[in-house]
Student: 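Let me begin by handing over the structure; questions about it come next.
Everything quoted here is computed from the prediction, not taken from an experiment.
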Amino acid sequence: RSMCSHVFIRFVLSYPIGERKVEDMLRTLISSLEYPQADGRMSVLSTIHALLLKLPEVALKSNGPLFFFPLVLRVASDTHSQCSELANRALDCLFSRVDETQMMKFLSCTIVWSKRQDMLQRAAYQVLLLGFSRHASITFEVYSQVEGHMIKRIRAALQRKDGVDWSITYCQLICFERAVSHRSQCLDSEHSDAFSSEADFAMVHILPHAVSYDHLWIQASALRVLRSYLQAETRMEKSFTILSDVNIELIVDALITVIERQSRTKKVEHANMGDVLLCLTAIMTSVHAKAISEKYSSQIFHRLHKSAFSS
């Protein structure tokens with residue numbers, strides 16, 4: 001398979017067969033992504049990746065769209081983890097070589113896909129994640145059009161824990177995390193409204209549920225978003241605040257609930273415990289601490305004291 005792949009790539013790149021014939025050969029190669037055996041699909045994906053690295057710019061511009069949708073389907077639906085990962089790498093390679101015009105055409109598909117109820121919904125957020133790593137500015141433009149709808153779905157999923165595909169919620173949270181990171185790069189004294197979108201305020205209301213969610217990956221992503229907000233507030237000092245006084249107690253309660261839960265199960269090596277304690281410390285040493293009542297401060301102390309002795 002490896003030798004055949006090498007010969008195929010050399011033939012496509014070197015032999016003068018004409019654009020139409022090249023397109024036919026590429027379509028035949030892409031159709032082999034449906035091969036039932038995982039080893040066969042991995043071989044095809046490796047060949048596609050190598051071609052995407054080596055195709056001349058003119059050939060890539062005309063044939064790039066041939067690869068896009070089949071690779072997206074592999075990323076979203078292939079049950080073999082290595083196949084899915086190879087498809088992800090090939091798609092990332094495609095994104096790294098196309099110009100912004102073509103990239104915008106690819107990304108615009110996510111606006112429709114994100115509103116579906118099938119595997120294309122997850123694919124939409126996986127494409128956006130790759131887009132943020134290669135074309136952050138135009139990806140953020142497209143992402144902004146799906147953000148409001150995405151936040152509503154995250155909220156619904158976190159409130160309805162049974163029967164929810166956590167992987168979609170995780171992809172959505174990671175997308176929001178990338179968007180927060182992108183916005184934070186624009187954050188200075190002249191752009192203090194970078195975090196004033198409705199989505200940010202909606203996410204603040206969701207964070208207590210996400211931080212205390214049972215699945216570690218969702219919890220970890222929520223904690224990273226919370227840390228980004230706290231860091232942004234620190235950078236801007238008293239210019240603005242993202243976290244309202246009302247939500248602070250709910251967030252603190254969620255953080256302490258995670259600590260209590262882990263102390264009861266004796267899992268002090270819990271993967272997210274470091275981030276939980278960092279977020280809690282940042283809140284208690286920030287301007288938000290003044291909004292916490294003396295009575296609630298006492299409750300916080302006793303809950304942490306009890307968890308420390310039982311863990």
Side-chain angles (χ1 to χ4, degrees), residues 150-181 195 199-234 241-311:
M150 183 188 79
I151 292 289
K152 291 178 182 177
R153 289 205 167 179
I154 293 174
R155 183 192 294 115
L158 293 176
Q159 291 174 347
R160 192 187 70 254
K161 294 186 178 182
D162 295 332
V164 173
D165 185 349
W166 65 265
S167 63
I168 294 178
T169 304
Y170 178 68
C171 282
Q172 292 167 332
L173 280 168
I174 292 291
C175 275
F176 190 86
E177 193 182 324
R178 296 288 188 276
V180 167
S181 176
F195 285 100
D200 286 306
F201 294 125
M203 178 55 74
V204 167
H205 285 83
I206 292 172
L207 279 176
H209 301 287
V211 164
S212 58
Y213 196 78
D214 291 337
H215 200 285
L216 286 180
W217 290 12
I218 289 178
Q219 190 182 105
S221 182
L223 287 166
R224 289 193 295 268
V225 171
L226 178 57
R227 286 184 67 184
S228 296
Y229 282 155
L230 291 167
Q231 289 166 0
E233 288 188 345
T234 301
T241 55
I242 304 164
L243 307 171
S244 68
D245 294 342
V246 175
N247 292 108
I248 277 297
E249 289 197 1
L250 293 174
I251 292 171
V252 168
D253 184 71
L255 292 169
I256 296 176
T257 297
V258 174
I259 295 171
E260 289 174 330
R261 187 189 302 159
Q262 296 310 313
S263 69
R264 285 195 299 270
T265 57
K266 310 298 182 185
K267 293 181 179 177
V268 292
E269 74 284 1
H270 184 262
N272 296 325
M273 192 55 68
D275 282 336
V276 170
L277 292 169
L278 280 171
C279 288
L280 187 59
T281 303
I283 290 171
M284 301 309 290
T285 55
S286 72
V287 67
H288 296 295
K290 296 177 182 178
I292 298 176
S293 67
E294 185 178 342
K295 181 180 178 181
Y296 190 61
S297 295
S298 179
Q299 291 175 7
I300 291 171
F301 173 80
H302 287 295
R303 289 173 69 184
L304 288 173
H305 191 262
K306 185 177 179 180
S307 295
F309 273 97
S310 64
S311 68

Student: Tell me the closest heavy-atom pair linking Ala202 and Arg155, and the distance in Å.
Tutor: CB-NH2, 3.8 Å

Student: Looking at side-chain heavy atoms only, is the closest gap between Thr169 and Tyr213 below 4.5 Å?
Tutor: no

Student: Report the C-alpha separation of Trp217 and Leu173 in whole Å, then their side-chain angles, then the decisive distance to 0.1 Å, and conclude whether the side chain to side chain contact (heavy atoms under 4.5 Å, CB included) test is met.
Tutor: CA-CA 10 Å; Trp217 290 12; Leu173 280 168; over 6 Å; no

Student: Roughly how far, to the nearest 0.5 Å, is the CD atom of Gln172 from the CZ atom of Arg153?
Tutor: 7.5 Å

Student: Where do Leu207 and Ala222 come nearest, in terms of heavy atoms and distance?
Tutor: CD2-O, 3.6 Å

Student: As a test of understanding, state which of Val225, Ile283, Leu278 forms a side-chain contact (heavy atoms from CB on, under 4.5 Å) with Leu230.
Tutor: Ile283

Student: Taking salt bridge (charged side-chain N to carboxylate O under 4.0 Å, His left out) as the cut-off, I'd like each qualifying pair that reaches into residues 215-226, sequence neighbours left out, listed once.
Tutor: Glu177-Arg224

Student: Test side chain to side chain contact (heavy atoms under 4.5 Å, CB included) on Val258 and Asn272 and set out the steps.
Tutor: CA-CA 9 Å; Val258 174; Asn272 296 325; over 6 Å; no

Student: Check whether any side-chain heavy atom of Ser293 lies under 4.5 Å from a side-chain heavy atom of Glu249, and answer yes or no.
Tutor: yes

Student: Tell me every residue that passes ring-ring contact (aromatic ring centres under 6.0 Å, His included) with His305, counting only those two or more places apart in sequence or in another chain.
Tutor: Phe301, Phe309

Student: With side chain to side chain contact (heavy atoms under 4.5 Å, CB included) as the test, would you mind laying out the steps for Ile259 and Leu277 before giving the verdict?
Tutor: CA-CA 8 Å; Ile259 295 171; Leu277 292 169; 3.7 Å; yes

Student: When the ring planes of Trp166 and His215 are compared, do they come out parallel, tilted or perpendicular, using 30° and 60° as the limits?
Tutor: parallel

Student: Counting only N and O atoms by type, is there a donor-acceptor contact under 3.5 Å from the side chain of Ser212 to the main-chain atoms of Pro208?
Tutor: yes

Student: Is any side-chain heavy atom of Asp214 closer than 4.5 Å to one of Arg261?
Tutor: yes

Student: Would you give the length of the straight line joining atom CD1 of Ile248 to atom CD1 of Ile292, rounded to the nearest 0.5 angstrom?
Tutor: 6.5 Å

Student: Take His205 and Leu250, measure what side chain to side chain contact (heavy atoms under 4.5 Å, CB included) needs, and give me the verdict at the end.
Tutor: CA-CA 9 Å; His205 285 83; Leu250 293 174; over 6 Å; no

Student: Nearest 0.5 Å, what's the OG-CG distance between Ser221 and Leu226?
Tutor: 11.5 Å

Student: How would you list, by chain and number, every residue that makes a salt bridge (Lys or Arg N to Asp or Glu O under 4.0 Å) with Arg227, sequence neighbours excluded?
Tutor: Asp275

Student: Rounded to the nearest 0.5 Å, what's the gap from CD on Gln219 to CG on Leu255? Could you check?
Tutor: 9.0 Å

Student: Give, for atom CG of Leu304 and atom CD of Gln299, the distance between the pair rounded to the nearest 0.5 Å.
Tutor: 12.0 Å

Student: With rounding to the nearest 0.5 angstrom, report the CD to NE2 distance, Gln159 to His209.
Tutor: 5.5 Å

